[in-house]
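Take a look at the structure below.
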Amino acid sequence: MDSAPSVDRVGYLPAGGQTLMKLVVTGPFGVGKTTLIRTLSEIRPLHTEEVMTRSGAELDDLSGVPAKTTTTVAVDFGRLTVPDDVVLYLFGTPGQERFFPLWEDIARGALGALVLADTRRLADSFPVMDAVEEQGLPYAVAVNRFPDAPAYDDEVLRGHLDLHPGTPLVQCDARERRGGVAALIALAEHVLTRLP
């Protein structure tokens, strides 16, 4: 008779003692949301990434991301436990505006949002930040440093993105765990200061 699988083997959280936080990882098309969740998740992440079709390529502006061949069509999901037993549930959204109604469903119940931005296309971040603000979510901005993207210091980026002084801003590479964790911790700390 087989025994039940061990909790450690299937990746369940141990019972009790954790603070659970649902966070949205969002941003414009092609900014690195799926990559960030893949990099950070301690479980095998769920992805709904599909190959871009010719008709989709006609709708999506590929300037700045000409090599992009896949896109998220529903949601990415991952989980990360950070010090002090805080468990972050990461829900990644599609970046195209045509998916914004889906974004609202994904954001329901979230405590905050991490907005990824790309210095090659900063203006593309404004509709996303507007959607986050309309939902009333506290957010942080993480500028994903692409190898061919221009670099700016934080003060210049804050000005270009018109960020409120209290909005956390970090720069990271979505492919590197350390910077991604720092971005999520900045968001989590920001969210925790706003909770009743």
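Quick note: residue numbers are just sequence positions, from 1.
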For the pair Asp124 (side chain) and Pro28 (backbone), establish whether a donor and an acceptor sit closer than 3.5 Å, ignoring hydrogens and angles.
-> no
Under a 4.5 Å cut-off applied to non-hydrogen side-chain atoms, are Val86 and Thr81 in contact?
-> no
The single option from Ile106, Thr34, Asp76 that satisfies side chain to side chain contact (heavy atoms under 4.5 Å, CB included) with Pro94 is Ile106
Under a 4.5 Å cut-off applied to non-hydrogen side-chain atoms, are Thr19 and Val87 in contact?
-> no
Validation row: Leu114, Leu36 side chains within 4.5 angstrom (heavy atoms) = yes
Distance, nearest 0.5 Å, that separates CE of Met21 from CG of Leu187 | 6.5 Å
Does anything in residues 149-163 pair up under side chain to side chain donor-acceptor pair (under 3.5 Å), and if so which pairs, sequence neighbours excluded?
-> Asp154-Gln171
Connected via hydrophobic side-chain network under 4.5 Å: Val132 and Leu157 = yes
Taking everything shown except Arg175 itself, do over 12 heavy atoms lie less than 6.0 Å from its CZ?
-> no
Are any side-chain N or O atoms of Arg121 and backbone N or O atoms of Gly30, one a donor and one an acceptor, separated by less than 3.5 Å?
-> yes
Non-hydrogen side-chain atoms of Val141 and Leu163 separated by less than 4.5 Å = yes
Counting N and O atoms only, with roles assigned by atom type, does the side chain of Thr119 sit under 3.5 Å from a partner on the main chain of Ala151, one being a donor and the other an acceptor?
-> no
Does any N or O in the side chain of Ser41 come within less than 3.5 Å of the main-chain N or O of Arg38, such that one atom is a donor and the other an acceptor?
-> no
Write down the atom of Ala140, the atom of Thr167, and the distance for their closest heavy-atom approach.
-> CA-CG2, 4.3 Å
Worked check of side-chain hydrogen bond (donor to acceptor under 3.5 Å, both in side chains) between Glu176 and Thr39 = CA-CA 7 Å; Glu176 296 177 2; Thr39 299; over 6 Å; no
Quick one: CZ on Arg194 to CD on Glu189, what's the gap to the nearest 0.5 Å?
-> 15.0 Å
Is the backbone of Phe91 close enough, under 3.5 Å, to the side chain of Lys33 for a donor and an acceptor to pair up by distance?
-> no
Side chain Asn144, main chain Asp118, donor-acceptor under 3.5 Å | no
Taking every heavy atom of Thr26 against every heavy atom of Ala113, the minimum-distance pair comes out as CG2-CB, 4.4 Å
Lys/Arg N to Asp/Glu carboxylate O, Arg120 vs Asp148, below 4.0 Å | yes
Which pair of non-hydrogen atoms, one from Ile43 and one from Phe77, has the smallest distance, and what is that distance?
-> CD1-CE2, 3.9 Å
Taking the side chain as every heavy atom from C-beta outward, state whether Arg79 and Leu90 have any pair of such atoms under 4.5 Å apart.
-> no
Hey, quick one: are Val170 and Leu184 part of the same hydrophobic cluster, counting side-chain heavy atoms closer than 4.5 Å, chains of contacts allowed?
-> no
Give the intermediate values and the outcome of side-chain contact (heavy atoms from CB on, under 4.5 Å) for residues Leu161 and Met129.
-> CA-CA 9 Å; Leu161 292 168; Met129 289 189 294; 4.1 Å; yes
Between Gly112 and Leu137, the two heavy atoms sitting closest are N-CD2, 4.0 Å
Residue pair Leu40 / Arg177: nearest heavy atoms and the distance that separates them | O-NH1, 3.0 Å
Minimum side-chain heavy-atom gap Val143-Cys172 below 4.5 Å | no
With side chains defined as the heavy atoms from C-beta onward, is the minimum distance between His190 and Ile185 less than 4.5 Å?
-> no
Least distance between heavy atoms, Pro45 atom then Ile37 atom | CB-CG2, 4.2 Å
